[in-house]
**Q** 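One structure is given below, represented as structure tokens, and several questions about it will come after.
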Amino acid sequence: MDTYTVHLAMAALVGASMVAVSAYYVHRKTLSQLLEFAKKVEREREREDISEGESPQHSKKRRGHHSRRNGNGYYRRCSTSLPDVTVISGRIDREEKRNGPIHVDGIPPGLPRLHTLPEGKSGGHATSAKRSGSLIQPTSPKSPVASASAFESIEGLDEEDNMTDNSKIDTTYLHTNRNAGPNLPDHINVNGEAMQIAASTMIRSHSVSGDLHGVQPDPIAADILRKEPEQETFARLKISPTEVPSPDEIEVYVLLQECLEMRKMYVFREAVAPWEKEVISDPSTPKPNPEPFLYAPERKSDHYFEMQDGVIHVYANKDSKIELFPVADATTFFTDLHHILRVIAAGNIRTLCHHRLNLLEQKFNLHLMLNSDREFLAQKSAPHRDFYNVRKVDTHVHHSACMNHKHLLRFIKSKLRKEPDEEFPHCFVQKVVIFRDGTYLTLKEVFESLDLTGYDLNVDLLDVHADKSTFHRFDKFNLKYNPCGQSRLREIFLKQDNLIQGRFLGELTKQVFSDLAASKYQMAEYRLSIYGRKQSEWDQLASWIVNNELYSENVVWLIQIPRLYNIYKEMGIVTSFQNILDNIFIPLFEVTVDPDSHPQLHVFLKQVVGLDLVDDESKPERRPTKHMPTPDQWTNVFNPAFSYYVYYCYANLYTLNKLRESKGMTTIKFRPHSGEAGDIDHLAATFLTAHNIAHGINLRKSPVLQYLYYLAQIGLAMSPLSNNSLFLDYHRNPFPMFFLRGLNVSLSTDDPLQIHLTKEPLVEEYSIAASVWKLSSCDLCEIARYSVYQSGFSHALKSHWIGKEYYKRGPDGNDIHRTNVPHIRLEFRDTIWKEEMQQVYLGKAIITEEVDKRQRTFLLPASCIKGMLTHKS
């Protein structure tokens, strides 16, 4: 180091030392001046007190007490950035005695009023009445959170004791708040004494203003808001004068009535509702099933069944000729379907339904303008709950794509590193994972044949994420299920019926279950495939579930049936459509009649809650008629139409559910894909038969069907991000419009492997929707509540997740402490829906208290309708 650098460093050191020493002396001098000034102020105050008749000793004692503690016995926290309210208040007393009331510039007008201590009292110590205004403490609601600091905890306790024990509230406020004088609050009498006030009254008075930034509520009112957050009032919408339908409108409403009544005849409803079978008195966390795969032998029943024209008929025994559970035949179904199609095509009906839907949307917008602040306050008052810890169900997700691509990549790398030579004990050839091209290959050999190593693998090479090339190309989208574009990797890692009996997929599924359990508030309904190629598929699937012990309290299963008859026909696997129906439904009836015939399937079906139909809906098809050939006559290579699949799956499932219900077993709901693309006929067919559907975006093309889906409150499991990759750009998705109008919509992920990027795909779906469409917290929680209600989880779990009376309509079925959805929102939805039902049924609708109970409605006879029309004309 040269001499110049050393000299420069020494000079810098000396300079810094001199600056520090001078700063110290300046600071010390400033403190001395401040102390002298404080002593001078104290001496002036002593002289004033002596002149007023107080002894110096008493003055010092009182001043020393108040300088350390506030009136309630705790230390008063001071801030250098705020005026000292105690000092200002003391000056006011002295100035008032000389010159009368004065205005204080230290506190600007318009701030919340500040409560003083009760007159004549100061934290239990007697003081002069002249000094009643000397201690003024700003009051604010204290959070009951256990993690609050010690000082906050002490303050909260002392403040509460002061309010309750003294039973008097001082009515003196600073003049700057313009609350002094005879205008007293409603809960204080003229003597300054607190009167008893009802909780609901206090809450209403707070919420009526709707001003989030105005005067803050009293801390006691805030505490009541936390305990009873749902008593507030809100602005109700009432259209006046009442609309009187014209003769043309009456004709339209009668046709809509017929469509709704037609649906009630088709849809399966349990004879005894779940909440009537099992009464939940304590909706605490249900105990998990300790042995979900335990098989308890059950007696075989005498029921006899046989397949006739594609539909299974059930009889009491083999000798009986009386069908126990009749279902509408194909001719009746297709006749009713064509009636629905004629209704939705009529111009006057389309116009009326479009008008009603627009009116629903505008009513909701008006409701938000009037009540959004009140909804926000109600949510803030609900303890603990927010969007992140309310239950959300992924109502539409395919099991083979339930993980994100990063998760799949990590799993493949770990298996390639830890188990390159997988042993397969059931085969003569050891350490193999696949049989391909006449050769058994180990996992290491598979990657060597692909000229890949674990180090080479990355997300881009895996190539399972949908991109621009998949838009309107369902075939390319399905190819994304092949990691690295190789079907052999899909067979090894994403199939359960492979050479290693699906062990890799089972382990991957358990990891996904673990992620769901860690999130706690997210659930999923995974779809597993049954293709209908052979009857043993059911036993293979059940064996995979049971042997790998795939069970989670956060997961239930649906069975999806791909509509691939034409492919199986070309391959020679089946000879007619009847073969597919036999392979799908005969094992289900066998295990229902005799559980011992398929014990693992019997255990598995306890976790199955729905049946789905999947495939590309955009393929052109011929509209079916009542003269369509029966399934055993369908031997050509063309794939049947969507509604043909729908009817035969619905009819067999309806009969199966009736049989299982009669034996006390769980039932399976019909929840197909519908309305993602293709013809509007798909949505008409599922309107008659389905409980819920997946997608439904084509409802935007038919105002009549959209209005019918609203009136029937059919659940829509919508996946905007999936639609964005396949059929519809995100900004054109009708989800926000459906939500505004009051349709029963939920958000779902569809295919996280191809669509999503994060570890929590469902939250990703919600967050993007909230950002793009500006959904509020109340909106998100309402959608989450819809998802739980649409799901197939048990009655006990739904009672715990969204309230023990979740099955009731409107606010009676809501528990804000579990859903975080204000009663205001649900009361509005329920009121508007009931008004629409009365409008359609011309004031004669009789609506049940429970949502899923079969509604008793009054369908006007034809003679009455003609009389009304004649009278109108």
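If you read the sequence from its start, that first residue is 1, and numbering goes on from there. What you see is a predicted model, and the numbers here were worked out from it, not measured in a lab.
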**Q** Have Asp750 and Ser719 got a donor and an acceptor in their side chains that come within less than 3.5 Å?
**A** no
**Q** Centre-to-centre under 6.0 Å for His691 and Phe670, is that the case here?
**A** no
**Q** Taking 4.0 angstrom as the limit, do Arg623 and Asp681 come out as a salt bridge?
**A** yes
**Q** Is a donor on one side and an acceptor on the other found under 3.5 Å between the side chain of Asp386 and the backbone of Tyr388?
**A** yes
**Q** Could you check Phe738, Phe739, Tyr766, Tyr730 and say which one makes a ring pair (Phe, Tyr, Trp, His ring centres under 6.0 Å) with Trp773?
**A** Tyr730
**Q** Under 4.0 Å between a side-chain nitrogen and a carboxylate oxygen: does that hold for Glu835 and Lys363?
**A** yes
**Q** Does either side chain, that of Tyr709 or that of Thr686, offer a donor lying less than 3.5 Å from an acceptor on the other one?
**A** yes
**Q** Please confirm whether the ring centroid of Trp801 lies under 6.0 Å from the ring centroid of Phe793.
**A** yes
**Q** Could you check whether Glu782 and Tyr786, counting side-chain N and O atoms only, form a donor-acceptor pair closer than 3.5 Å?
**A** yes
**Q** Do the side-chain N and O atoms of Ser746 and Gln790 include a donor-acceptor pair separated by under 3.5 angstrom?
**A** yes
**Q** Examine Arg829 relative to Phe364 and say whether NZ or CZ is less than 6.0 Å from the centre of the six-membered ring and inside a 45° cone about the ring axis.
**A** yes
**Q** How far apart are the C-alpha atoms of Ile693 and Arg671, what are their side-chain angles, what is the distance that settles it, and do they pass the side chain to side chain contact (heavy atoms under 4.5 Å, CB included) test?
**A** CA-CA 5 Å; Ile693 65 169; Arg671 298 169 54 182; over 6 Å; no
**Q** May I ask you to check whether Gln839 and Tyr253 show a side-chain donor-acceptor distance below 3.5 Å?
**A** yes
**Q** So among His398, His399, Arg527, which one has a side chain to side chain donor-acceptor pair (under 3.5 Å) with Gln560?
**A** His398
**Q** Is a donor from one side chain sitting under 3.5 angstrom from an acceptor on the other, for His823 and Asn814?
**A** yes
**Q** Could you tell me if Thr395 and Ser787 have a donor-acceptor pair between their side chains, going purely by distance under 3.5 Å?
**A** no
**Q** State, without any angle test, whether Arg741 and Asn358 hold a side-chain donor-acceptor pair at a distance under 3.5 Å.
**A** yes
**Q** Do His384 and His817 have ring centroids that are under 6.0 Å from one another?
**A** no
**Q** Quick check, are the ring centers of His396 and His695 under 6.0 angstrom apart?
**A** yes
**Q** Quick one: list whatever passes side-chain hydrogen bond (donor to acceptor under 3.5 Å, both in side chains) with Tyr647, sequence neighbours left out.
**A** none
**Q** Indicate whether any N or O donor in one side chain lies under 3.5 Å from an N or O acceptor in the other, for Asp779 and Ser776.
**A** yes
**Q** Between Arg356 and Glu836 (salt bridge meaning N to carboxylate O under 4.0 Å), is one present in this structure?
**A** yes
